[in-house]
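I have placed the structure first, in the form of structure tokens, so that the comments after it can refer back to it.
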Amino acid sequence: MTLMLTACSVSYKFNGASIDYTKTKTIQIVDFPIRSSYVWGPMGPMFNNQLKEQFASHTRLEQVRRNGDLKIEGEITQYQQRNKSVSAEGYSAQTELSMTVNVRFTNNINHNEDFEQQFTATSTYETTLSLNSVQEALVGQMVKDLCDQIFNATVANW
């Protein structure tokens, strides 16, 4: 009985990843280009680096340039801001910043798990602040949220 329990090949971790490392050994993460009409230059590299780091630090998958057992690709499709709330004087009090990515996931071991899906993250800031003064922190927060969503959808099987 003990031998059977130790022979189990599925890895369950506190980060939510459940990957059968006997079958799935590699992942290909293609850089996401920005296809949004409104762009903040550093957001593309921030997103691409964070996504690759997420899989490197939370799985044992080897990242490869092509022919991965798993493949993640897509594009940043939207980056926008809009008024979220209005003050008693009728002026904008808060602004919501949002970022949307379109993800295509291919599981070359089990194509039943393939999908294409959009993920969105938002963050709010006081309109009295300039976007330039808060943009880096807000985009960093949204990128982390998006990468968590993508990680959970692709390898956490939630």
Side-chain angles (χ1 to χ4, degrees), residues 13 15-19 24 26-158:
K13 298 183 178 185
N15 61 28
S18 57
I19 300 168
T24 307
T26 61
I27 186 166
Q28 175 185 355
I29 302 174
V30 180
D31 281 347
F32 282 46
I34 300 172
R35 301 273 190 255
S36 172
S37 56
Y38 179 64
V39 175
W40 181 60
M43 94 180 151
M46 283 175 72
F47 175 80
N48 290 313
N49 292 337
Q50 176 68 33
L51 187 60
K52 290 172 185 175
E53 176 60 30
Q54 182 99 4
F55 282 85
S57 63
H58 292 96
T59 71
R60 293 184 295 170
L61 296 172
E62 177 188 354
Q63 293 188 25
V64 295
R65 291 186 183 267
R66 63 178 80 77
N67 301 324
D69 296 330
L70 305 178
K71 182 178 182 182
I72 299 173
E73 61 186 331
E75 50 279 330
I76 299 169
T77 58
Q78 193 172 48
Y79 179 65
Q80 66 179 8
Q81 58 181 342
R82 67 177 182 87
N83 291 332
K84 184 168 182 175
S85 65
V86 179
S87 69
E89 296 81 30
Y91 298 105
S92 174
Q94 289 185 321
T95 302
E96 181 179 78
L97 194 62
S98 68
M99 185 174 169
T100 301
V101 295
N102 186 59
V103 175
R104 288 177 299 284
F105 174 69
T106 306
N107 183 333
N108 289 312
I109 306 300
N110 179 4
H111 284 289
N112 290 329
E113 295 181 359
D114 294 358
F115 68 80
E116 182 168 358
Q117 182 177 341
Q118 289 195 346
F119 298 91
T120 300
T122 62
S123 198
T124 303
Y125 66 97
E126 298 298 317
T127 305
T128 56
L129 301 170
S130 73
L131 177 59
N132 286 340
S133 68
V134 296
Q135 189 163 223
E136 185 172 355
L138 296 179
V139 170
Q141 178 183 348
M142 290 187 299
V143 162
K144 182 179 179 340
D145 183 23
L146 287 166
C147 291
D148 286 344
Q149 291 178 50
I150 295 165
F151 183 86
N152 288 337
T154 55
V155 298
N157 296 328
W158 286 69

- Message: Applying side chain to side chain contact (heavy atoms under 4.5 Å, CB included) to W40 and E136, what does each step give before you reach the verdict?
- Response: CA-CA 9 Å; W40 181 60; E136 185 172 355; 3.9 Å; yes
Could you give the distance from [atom1] ([X]) to [atom2] ([Y]), rounded to the nearest 0.5 Å?
| X | Y | atom1 | atom2 | result |
| --- | --- | --- | --- | --- |
| R65 | T26 | CZ | OG1 | 14.0 Å |
| R82 | K84 | CZ | NZ | 7.0 Å |
| I76 | N48 | CD1 | CG | 6.0 Å |
| N110 | D69 | CG | CG | 12.0 Å |
| I27 | I19 | CD1 | CD1 | 7.5 Å |
| Q80 | S37 | CD | OG | 8.0 Å |

Can you tell if the side chain of [X] reaches within under 4.5 Å of the side chain of [Y], non-hydrogen atoms only?
| X | Y | value |
| --- | --- | --- |
| Q54 | D148 | yes |
| V139 | F47 | no |
| I72 | T154 | yes |
| F119 | D145 | no |

- Query: Do other residues, nucleotides or ligands put more than 12 heavy atoms under 6.0 Å from Q94 CD?
  - Reply: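 Yes - once you tally the heavy atoms of other residues, nucleotides and ligands closer than 6.0 Å, there are more than 12.
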- Is the number of heavy atoms from other residues, nucleotides or ligands under 6.0 Å of K52 NZ greater than 12?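 Yes - once you tally the heavy atoms of other residues, nucleotides and ligands closer than 6.0 Å, there are more than 12.
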Which heavy-atom pair separates [X] from [Y] by the least distance, and what is that distance?
| X | Y | result |
| --- | --- | --- |
| Q117 | F115 | CB-CD1, 3.7 Å |
| L61 | T24 | CD2-O, 3.5 Å |
| A121 | Q149 | CB-NE2, 4.4 Å |
| N67 | Q28 | N-OE1, 3.2 Å |
| M99 | Y79 | CB-CD1, 4.3 Å |
| P33 | G74 | CD-O, 3.2 Å |

- Query: Does a side-chain N-to-carboxylate-O contact under 4.0 Å join R104 and E75?
  - Reply: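 Salt bridge between R104 and E75, a charged N being under 4.0 Å from a carboxylate O: yes.
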- Result of checking N107, N108, I109 against H111 for side chain to side chain contact (heavy atoms under 4.5 Å, CB included):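 Per the side chain to side chain contact (heavy atoms under 4.5 Å, CB included) rule, the option paired with H111 is N108, out of N107, N108, I109.
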- Task: Run the numbers on L131 and L97 for side chain to side chain contact (heavy atoms under 4.5 Å, CB included), then give the verdict.
- Result: CA-CA 9 Å; L131 177 59; L97 194 62; 4.0 Å; yes
- Task: Take T127 and T95, measure what side-chain hydrogen bond (donor to acceptor under 3.5 Å, both in side chains) needs, and give me the verdict at the end.
- Result: CA-CA 6 Å; T127 305; T95 302; 3.1 Å; yes
- Could you tell me how the ring of F151 sits relative to the ring of F55: parallel (under 30°), tilted (30 to 60°) or perpendicular (over 60°)?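 Answer is tilted, since the angle falls between 30° and 60°.
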- Answer yes if the side chains of T100 and T120 hold a donor-acceptor pair under 3.5 Å, and no otherwise.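 Yes.
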